[in-house]
Undergrad: 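I have a structure I would like to understand better, so I am pasting it below and will then ask my questions one at a time.
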Amino acid sequence: QLQLQESGPRLVKPSETLSLTCTVSGGSISSNNYLGAWIRQPPGKGLEWIGSIHYSGATNYNPSLRSRLAMSVDTSKTQFSLKLTSVTAADTAVYYCTRDGGNSANFEWGQGALVAVSS
Amino acid sequence: QSALTQPASVSGSPGQSITLSCTGTSSDVGGYNYVSWYQQYPGKAPKLLIYEVSNRPSGVSNRFSGSKSGNTASLTISGLQAEDEADYYCSSHANINTAQVVFGSGTKLTVL
């Protein structure tokens, strides 16, 4: 069973960059139908798809975040990462990393990382 | 890329069958058979219940079933149980050229 774990700073200052890494265990991310995805959930609100990345490095981003977003993948370390620049309080959320089965369905999820944007 | 529309809340009694709706457009729900449903308990990560409109991942109870008609997808829960009380989200593929995904606004299911 694939397991995912988010890691990174839990407090980020406004205008700075939010950085998170997802470490995958129990399987390989170097698969044609594997996409690593990021999804966030502001406190008390619904889910928002941030974007996804294939092990080849090909990315798909939410148009509303594209100008501030960068994702990368390190298959040797079985990790993929998220960077969101120029953050504001509106970016405060629980950030989940997931495995997308290539069919827009997120089969496995990390436990989530609450990241607060505050000075 | 607008959120899919779900009723904010639904309630039902134990043993009852209940259907949750998820309405989109021809650019998402109506355009692809890539609709998924998730169950989320407070403070927990969502869990995939249904993928590709009507398929259940291994281990998901057959009390959960999915369907789609036009731009509206549905999740039916049969034999409602107290443990089904949770938030439910739908999602859909949303762009013909990329792997973009859009989520629904979520439905809070209360078991009376």
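Quick caveat, the model's predicted, so the values are computed rather than measured. Chain letters run A, B, ... following the sequence lines, proteins first and then strands; every chain starts at 1.
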Undergrad: Could you tell me which portion of A/Phe107 (side chain, backbone, both or neither) has an atom closer than 4.5 angstrom to a non-hydrogen atom of chain B?
TA: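 Contact with chain B is through both the backbone and side chain of A/Phe107.
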Undergrad: Would you be so kind as to tabulate the donor-acceptor pairs closer than 3.5 Å made by side chains of residues 39-47 of chain A, with sequence neighbours excluded?
TA:
| unit_1 | atom_1 | unit_2 | atom_2 | d |
| --- | --- | --- | --- | --- |
| A/Arg40 | NE | A/Glu48 | OE1 | 2.7 |
| A/Arg40 | NH1 | A/Asp91 | OD1 | 2.8 |
| A/Arg40 | NH1 | A/Tyr95 | OH | 3.0 |
| A/Arg40 | NH2 | A/Glu48 | OE1 | 3.1 |
| A/Gln41 | OE1 | B/Gln40 | NE2 | 2.8 |
| A/Gln41 | NE2 | A/Lys45 | O | 3.0 |
| A/Gln41 | NE2 | B/Gln40 | OE1 | 3.0 |
| A/Gln41 | NE2 | B/Tyr89 | OH | 3.3 |

Undergrad: Within the distance-only criterion (no hydrogens, no angle test), does the side chain of A/Ser52 pair as donor or acceptor with the backbone N or O of A/Gly36 below 3.5 angstrom?
TA: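 Absent.
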Undergrad: Quick one: which residue pairs count as a disulfide (SG to SG under 2.5 Å) with a foot in residues 46-85 of chain A, not counting sequence neighbours?
TA: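 Residue pairs with at least one partner in residues 46-85 of chain A: there are none.
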Undergrad: Heavy atoms only: give me the nearest A/Asp100-A/Ala37 pair and the separation to one decimal.
TA: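 The answer is CB-CB, 4.4 Å.
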Undergrad: For the side chain of A/Arg68 and the backbone of A/Arg66, is there at least one donor-acceptor N/O pair under 3.5 Å apart?
TA: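 No; zero donor-acceptor contacts below 3.5 Å.
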Undergrad: Without placing hydrogens or testing angles, list every side-chain donor-acceptor pair under 3.5 Å for residues 11-27 of chain A, not counting sequence neighbours.
TA:
| unit_1 | atom_1 | unit_2 | atom_2 | d |
| --- | --- | --- | --- | --- |
| A/Ser19 | OG | A/Lys83 | NZ | 3.3 |
| A/Thr21 | OG1 | A/Ser81 | OG | 3.2 |
| A/Thr23 | OG1 | A/Gln79 | NE2 | 3.1 |

Undergrad: Could you give the distance from CG (A/Leu65) to CH2 (A/Trp38), rounded to the nearest 0.5 Å?
TA: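 So the CG of A/Leu65 and the CH2 of A/Trp38 are separated by 13.5 Å.
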Undergrad: By a 4.5 Å heavy-atom criterion (distance strictly below it), what part of B/Pro46 contacts chain A: side chain, backbone, both, or neither?
TA: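 Its backbone and side chain both get close to chain A.
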Undergrad: Among residues 50-64 of chain B, which residues come closer than 4.5 Å to chain A, judged by heavy atom distances?
TA: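 So far as heavy atoms go, B/Tyr51, B/Glu52 are the residues that approach chain A to under 4.5 Å.
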